[in-house]
*Asks:* 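Provided herewith is a single structure, encoded as structure tokens, for subsequent inquiry.
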Amino acid sequence: MTLQGAIDTHVHAGPDVRPRKSTAYELARAAQAAGMRAIVLKNHHCSTVPLAAALSEALPGIRVLGGLVLNHAVGGFNLEAVDAALRMGAAQIWMPTLSAENECAYRGHAGAGLQALDEAGRPRPELVAVIRRIARSGAVLGTGHLSARETAAVVELARQEGVRAILVTHPEIDFIAMDPEVQCALRGPGLFFERCFCRTGFRRDWAGLAADIQRVGVESTVLATDLGQPDNPHPVDGLEIIAVRLTEQGIGTDALRRMMVENPAIALGLD
Ligand SMILES: [Zn+2]
């Protein structure tokens, strides 16, 4: 399948704290050469918005979009950091990833992380403020590495507050492992499950991923790579591999276009 018009809503490149497969410039050029419409650069430690803007200006024909992940490095649920990123054009604000208590506990550092909910299970006030700000901007809310339970609560709150679009970040990863039944219950306008390249640490192989797509729905799925790790395929190759593997699992071309071209454009508000 051609990548003409395809969008990768979740991809990593350098400069980064960790080694990456390619620099953001190399990645954006490769995506441009493949005819892709847009990529969203994600960095766990800083805003990618200025870098993305410069690359968009330098590379005609492709939109390079950026955002901010609310980890400790930017002060967690830091309204000022969110406000600045959005005013500079952030396409997506992600809930904590590496700094989510859910991931910290999984990696043996319980107590070191950020939680969306208080002891009584209510959304924390600083989270509510952030979500209201995202709603006002029209940007995408990414659920990051919150637990499945926190994610469901954040989705409910985001809907109440009028957030335009939600990407549920790789529900298949080990430490989220959101049950497909729960995913079905969360479906609704503007919400997409961002299903990523199957790799170590994911609960699903390609057959399992295809089964989840069939069960939860093509119309609520966005396919993205989350690649950029040195030992995995280049992200642009990875997007193509996703299409090949899912085709082998019986997912048709129309469905692939919907999940790689149309749904991500709707999520990002590009149309
Ligand atoms: Zn990622």
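One-based numbering, in listed order, for ligands and for the atoms of each.
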*Asks:* Can you tell whether the side chains of Arg199 and Asp226 come within less than 4.0 Å, N to carboxylate O?
*Replies:* yes
*Asks:* Do NZ/NE/NH1/NH2 and the carboxylate oxygens of Glu161 and Arg132 come within less than 4.0 Å?
*Replies:* yes
*Asks:* May I ask you to say whether Asp254 pairs ionically with Arg258, meaning some side-chain N is under 4.0 Å from a carboxylate O?
*Replies:* no
*Asks:* Does a salt bridge link Asp118 with Arg124, judged by any charged N lying under 4.0 Å from a carboxylate O?
*Replies:* no
*Asks:* Do the charged groups of Arg29 and Glu26 touch, with an N to O distance under 4.0 Å?
*Replies:* no
*Asks:* Is a side-chain donor or acceptor of His72 paired with a backbone partner of Ala112 at a separation under 3.5 angstrom?
*Replies:* yes
*Asks:* Using a strict cut-off of 2.8 Å, how many protein N/O/S atoms surround the Zn ion (ligand 1)?
*Replies:* 3
